Amino acid sequence: MKDAAFTPAVLEELWLGTFPHAVVTRVPDAGHFVQEDAYERVVPALLDHLGNASSRSGEVPAYGETK
């Protein structure tokens, strides 16, 4: 992780300390804009996360719609 602000120590202590059950995808060679530096890893992980979230909570309404 090459981000000067979000260091491995911040991830371990602050982020995972606050969200102990968070699923984390570490991208060692990415900087602060991980979605640009490693989109080939971020996009599949994000889609997987969103797919899992919708299967846990039922159907997700489209933007602007209410259930």
Side-chain angles (χ1 to χ4, degrees):
M1 294 172 34
K2 296 180 179 181
D3 187 339
F6 199 76
T7 63
V10 169
L11 172 65
E12 296 297 330
E13 296 169 20
L14 183 61
W15 188 260
L16 291 175
T18 304
F19 305 104
H21 302 292
V23 176
V24 175
T25 301
R26 289 173 177 81
V27 185
D29 53 338
H32 185 75
F33 296 102
V34 66
Q35 70 278 12
E36 293 178 8
D37 294 345
Y39 63 87
E40 68 282 351
R41 293 198 50 207
V42 172
V43 171
L46 180 60
L47 291 174
D48 184 54
H49 174 74
L50 293 173
N52 288 335
S54 66
S55 68
R56 286 191 302 268
S57 63
E59 187 177 335
V60 176
Y63 179 78
E65 292 181 353
T66 57
K67 259 188 153 180

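Model, not experiment: these values are computed from the prediction.
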Testing the basics here: between [X] and [Y], what is the closest heavy-atom pair and its distance to 0.1 Å?
{"X": "V10", "Y": "A5", "value": "CG2-O, 3.9 Å"}
{"X": "G17", "Y": "P20", "value": "O-CD, 4.1 Å"}
{"X": "V27", "Y": "A38", "value": "CG1-CB, 3.5 Å"}
{"X": "R41", "Y": "P28", "value": "NH1-CD, 4.1 Å"}

All ring pair (Phe, Tyr, Trp, His ring centres under 6.0 Å) counterparts of F19, not counting sequence neighbours: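 With sequence neighbours excluded, F19 shows a ring pair (Phe, Tyr, Trp, His ring centres under 6.0 Å) to W15, given in chain and number order.
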
Starting from the C-alpha separation in whole Å, work towards a yes-or-no answer on side chain to side chain contact (heavy atoms under 4.5 Å, CB included) for H49 and V23. CA-CA 9 Å; H49 174 74; V23 176; 5.7 Å; no

Supply the atom-to-atom distance F6 CZ to L14 CG, rounded to the nearest 0.5 angstrom.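 Going from the CZ atom of F6 to the CG atom of L14 covers 7.5 Å.
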
Looking at residues at least two apart in the chain, or sitting in another chain, which of them share a salt bridge (charged side-chain N to carboxylate O under 4.0 Å, His left out) with E13?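 With sequence neighbours excluded, E13 shows a salt bridge (charged side-chain N to carboxylate O under 4.0 Å, His left out) to no residue whatsoever.
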
Among pairs that include at least one residue of residues 21-40, which meet salt bridge (charged side-chain N to carboxylate O under 4.0 Å, His left out), considering only residues two or more places apart or in two chains?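 Sorted pair list: E12-R26.
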
